[in-house]
2 protein chains.
Amino acid sequence: MARADSVRNRRNILDSTRELLAANGEQVGMDEIAAHAGVAVGTLYRHFPTKTDLIDAAMAELTSSLVELVAVAADRVEAGADPVEAMTGLLRTFVGLAAQDRAVKAAAEGLASDSLRELEERGWGQLQRIVDVAHAQGALHADITTADLALLVATAPTEAVPVESRERWIALAMRSVTA
Amino acid sequence: MARADSVRNRRNILDSTRELLAANGEQVGMDEIAAHAGVAVGTLYRHFPTKTDLIDAAMAELTSSLVELVAVAADRVEAGADPVEAMTGLLRTFVGLAAQDRAVKAAAEGLASDSLRELEERGWGQLQRIVDVAHAQGALHADITTADLALLVATAPTEAVPVESRERWIALAMRSVTA
DNA sequence: ACCTGAACACCGTTCAAGT
DNA sequence: ACCTGAACACCGTTCAAGT
């Protein structure tokens with residue numbers, strides 16, 4: 001039953017990585033992750049050839065759940081919800097996550113691996129649905145595209161920016177985009 | 001004449017640091033800096049207690065020259081130049097520098113030491129002069145302050161964002177700020 | 001097949017010895 | 001006083017030995 005061990009280890013490693021990443025940023029030690037996951041360092045390297053690969057894998061899971069959020073919002077908007085409110089909400093969620101979790105921001109900046117890039121593209125596809133509805137309602141400047149929103153997300157404030165300023169940033173960002 | 005050596009060494013160390021920082025980002029090795037400056041590692045530590053201190057010192061010099069740019073622009077605006085154009089120009093200069101020089105962005109994010117913080121405040125003071133003229137002309141949304149501009153600068157794109165997108169970011173940023 | 005953990009390599013930092 | 005560079009500490013990575 002060595003196989004079951006391996007699967008469980010992989011799961012524990014990814015969970016520990018996500019957890020420690022959110023708390024400490026990217027300078028978590030491999031030993032620390034290993035200890036937290038209850039395995040030896042070598043096991044980390046058996047599952048992921050390098051620290052970067054491990055972090056990428058953990059972020060891919062995280063990105064996946066973010067994409068899910070966008071998809072849900074897109075469904076709502078196509079069912080009649082206000083697209084500008086939806087966009088503002090997503091931006092707020094994202095900034096909140098990015099502030100408490102450096103990994104989110106890193107994922108958005110796309111220092112990312114190929115699998116991550118693919119995931120992100122799916123995310124922008126979902127966002128496109130919201131933008132389409134917004135344009136149909138004339139809610140955005142005519143020239144605004146999802147690339148512009150990608151730009152805003154890529155430049156969203158991190159935890160280096162004080163909390164009070166983050167909501168203000170969202171307001172300015174939405175102002176630059178709405179008609 | 002040991003004293004003259006010391007002064008020259010300090011200058012060489014700071015110059016080498018700036019140069020290697022611009023090229024390689026913050027992961028330059030201390031040995032590398034030492035070699036480039038023509039001294040032994042120990043000499044680096046004699047002048048700067050830690051790598052962070054060394055980098056801070058190099059960035060303080062850089063920030064100082066940025067503040068000078070803002071001051072010059074403020075003079076021009078008070079002499080009748082268009083404030084919005086001046087702001088756009090400063091933003092463009094800043095983004096260009098930040099893209100080719102990671103140190104600039106780090107300085108703007110103010111992970112900074114006290115001396116750096118002081119310098120930055122002087123910079124914002126200069127910027128205030130431009131904002132005042134712009135408001136007198138009704139060129140900005142009434143609620144815009146230098147704090148908002150600080151927010152934009154803090155979230156300006158780095159070299160991770162492709163060149164084509166950077167000018168677009170400037171356009172969006174100015175759009176969020178102008179009346 | 002998979003796991004362990006001691007050993008290696010690299011880089012920031014220190015310090016005894018030189019001038 | 002200041003400089004040198006070998007030595008130390010820390011952390012990512014490897015690999016011989018275990019099961």
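Computation of the quantities below employed the complete heavy-atom set of this structure, encompassing side-chain atoms and omitting hydrogens, waters and symmetry-equivalent molecules. Chain identifiers are assigned alphabetically (A, B, ...) following the order of the sequence lines, protein sequences preceding nucleic acid strands; residue numbering begins at 1 within each chain.
- Atom pair B:R46:CZ and D:dC2:P shows a separation of 5 Å (rounding to whole Å applied).
- Nucleotide D:dC3 holds its C1' atom 14 Å from the CG atom of B:N12, rounded to whole Å.
- Listed by chain and number, the residues in a salt bridge (charged side-chain N to carboxylate O under 4.0 Å, His left out) with B:D15 are B:R11 (sequence neighbours excluded).
- Here the CZ atom belonging to B:F48 is positioned 8.5 Å from the CG atom belonging to B:D53, to the nearest 0.5 angstrom.
- Atom CZ in A:R10 sits roughly 16 Å away from atom C1' in C:dA1 (whole-Å rounding).
- Atom OG1 of A:T17 and atom CE of A:M59 lie 11.5 Å apart (nearest 0.5 Å).
- With sequence neighbours left out, the side-chain contact (heavy atoms from CB on, under 4.5 Å) criterion links A:T88 to A:V84, A:R92, A:I170, A:M174.
- Applying the side-chain contact (heavy atoms from CB on, under 4.5 Å) rule to B:S64 yields the partners B:L119; only residues at least two apart in sequence or on another chain are considered.
- Atom CG of residue B:L97 and atom CG of residue B:L62 lie 7.0 Å apart, to the nearest 0.5 angstrom.
- Taken to the nearest 0.5 Å, the NE2 atom of B:H135 stands 8.0 Å off from the CG atom of B:D143.
- B:T43 has a side-chain polar atom (N or O) that falls below the 4.0 Å cut-off from OP1 or OP2 of D:dT4.
- Set against D:dC3, D:dT4, C:dT4, the side chain of B:V39 has D:dT4 as its closest nucleotide.
- Applying the 4.0 Å criterion to OP1 and OP2 of C:dC3, one finds that A:H47 has a side-chain N or O inside that range.
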* To do: With pairs defined as Watson-Crick or G-U wobble and both distances under 3.5 angstrom, please note down DNA chain C as a dot-bracket string, | for pairing with another strand.
  => ||.|||||...|||||.||

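- Minimum atom distance to the side chain of B:A40 is reached by D:dG5, of the listed C:dG5, D:dG5, C:dC2.
- Counting heavy atoms from C-beta outward, B:H36 and B:V28 have side chains that stay 4.5 Å or more apart.
- Proximity of A:N9 to the phosphate of C:dC2: no side-chain N or O atom is located under 4.0 Å from OP1 or OP2.
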* Just by protein heavy atoms under 4.0 Å, how would nucleotides 8-16 of chain D read 5' to 3' in B, S and -? -> ----SBB--

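- For residues 67-77 of chain B, every residue pair satisfying the salt bridge (Lys or Arg N to Asp or Glu O under 4.0 Å) rule, not counting sequence neighbours, is listed here: B:D75-B:R129.
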